[in-house]
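No experiment lies behind these values; they were computed from the predicted model shown. Lettering of chains follows the sequences in order, A, B, ..., and the numbering in each one begins at 1.
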Amino acid sequence: MTSEVGAIRRWTRKEYQQLGVLGVLSEDEPVELIDGQLIVAERKTPPHAVVVGLTADALREAFGAGWFVRQQAPIALDEHSEPEPDVDVVPGGPLDYFSEHPARPVLLVEVADSSLLLDRHHKGSAYARAGLPDYWIVNLVDRQVEVYRRPATDPAADFGWRYLDVRVLAPGAAVIPLALPGARIGVADLLP
Amino acid sequence: MTTYPIRTRRWTRKEYHRLDKLGILPEDEPVELIDGQLMVAEPRGRPHVTVVRLTVRALTRAFGDGWLVYAQDPIALDDVSEPEPDVVVVPGGEFDYLDDHPARPALLVEVAESSLYYDRGRKASAYARAGLPDYWIVNLVDWRIEVYRRPATDNSAELGWRYLDVHLFTPGAIIVPLARPDVSIAVADILSEALRHLR
């Protein structure tokens, strides 16, 4: 743990969980832990909430049995990070994650309007560092889905990692999840 | 590198006290609350501790009766800041601060080695914003005392305030505190020659 004098103190995931258990942070407070910092999320707009629902529905239909599609649920990303991405897909069923949050979703989706840059550069770098293979941003500003793959080191990135491949898909296109090459999800299903 | 705003959770002094009471933060970890953020403070190693003691001694002698000289006690700077400056001088007696920490020291001193950048930056800005009139940094890196006075707004400063006047004092000099224009403190009493050779 870096403890550079004059830096904002970093929280561990364990401490973060304690903040919740002891009621210092209330359940509905919109924060997530990214690299030791409690990042305050923007208030969710109605389109944001709707698109999160549409994305979860589309992914549940595409992935089917044997996969668990979660909405705004915590990920045990690393020692200092516990983000709550808008939608994520993990293998198995709900009961497989009773004792600990999943750490390695096969697919992670953020729905972005005002949070676009944060989702691309900050969270994207944290997800790349954790080696998550498939990260999508449903970009409400430009009405496109951005697909990020192939994590690699990059000293200029926020946490030293970024995704090498970025594909931008417009509403006419379809996206195929890495974990499920047989499935196709229409971009238009996510962006009405 | 792309820049974008990141909002981190801010803490009030009240919440900060709760964190402490609940034992969430390790007891011996040097942190302090500045402008709603828990900041990593300078670990209290040597020669830091010795210089703090020398500073307390010099200021206690110079200020005399009617003043309290504290070392590393919290001050109630504002609703979202509770720093623990290395030394503060406040008016009054031992029992004047039972209800809350003092808020407006007449003089505030930080002893800086690894914290130099921080003490000059974010902390100086927080102290200036609170209107603290007299702020000294005992700079162990360059072996001098920096005296900061005349707080004023400055949009480019971390918290929107900075000190307009900065004076540098080397070990041969004396400093006159703003609150006690009739006394003087020899820099050499704090940055003693004996210590310098130990470093």
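- Within residues 94-115 of chain A, no residue has a heavy atom under 4.5 Å from a heavy atom of chain B.
- The hydrophobic clustering, which links ILVMFWY residues whose side-chain heavy atoms are closer than 4.5 Å, places B:L59 and B:L140 together.
- The most heavy-atom pairs under 4.5 Å with chain B, out of A:Q37, A:Q18, A:H122, come from A:H122.
- Note on A:I39: it does not cluster hydrophobically with A:V52, by side-chain heavy-atom contacts below 4.5 Å among ILVMFWY residues.
- B:A41 and A:V5 make their closest contact through O-CG2, 3.9 Å (heavy atoms, listed as atom of the first residue, atom of the second, distance).
- Among A:L116, A:V31, A:V40, A:L118, the residue with the largest count of heavy-atom pairs under 4.5 Å with chain B is A:V40.
- Other residues, nucleotides and ligands contribute more than 12 heavy atoms inside 6.0 Å of the CG atom of B:D165.
- Cluster annotation: A:L77 and A:L19 are assigned to distinct hydrophobic clusters (Ile/Leu/Val/Met/Phe/Trp/Tyr, side-chain heavy-atom contacts under 4.5 Å, transitive).
- Take A:A174 and apply the side-chain contact (heavy atoms from CB on, under 4.5 Å) test, not counting sequence neighbours, and it matches A:R184.
- Both the backbone and the side chain of A:V24 come within contact range of chain B, with heavy atoms under 4.5 Å apart.
- Heavy atoms from other residues, nucleotides or ligands lying under 6.0 Å from CD of A:E61 number 12 at most.
- For residues 5-26 of chain B, a heavy-atom distance under 4.5 Å to chain A picks out B:P5, B:I6, B:R7, B:T8, B:R9, B:W11, B:R18, B:L19, B:L22, B:I24, B:L25, B:P26, given by residue number.
- Environment of CG in B:N155: sparse, with no more than 12 heavy atoms of neighbouring residues, nucleotides or ligands closer than 6.0 Å.
- The hydrophobic clustering, which links ILVMFWY residues whose side-chain heavy atoms are closer than 4.5 Å, places B:L168 and B:L116 together.
- Residues A:W11 and B:L38 meet the side-chain proximity criterion, which asks for heavy atoms closer than 4.5 Å.
- For the side-chain hydrogen bond (donor to acceptor under 3.5 Å, both in side chains) test, residues two or more places apart in sequence or in another chain that qualify with A:E146 are A:R120, A:N139, A:Q144, A:Y148.
- Clustering ILVMFWY residues whenever any of their side-chain heavy atoms sit less than 4.5 angstrom apart, transitively, puts A:V89 in the very cluster that holds A:L190.
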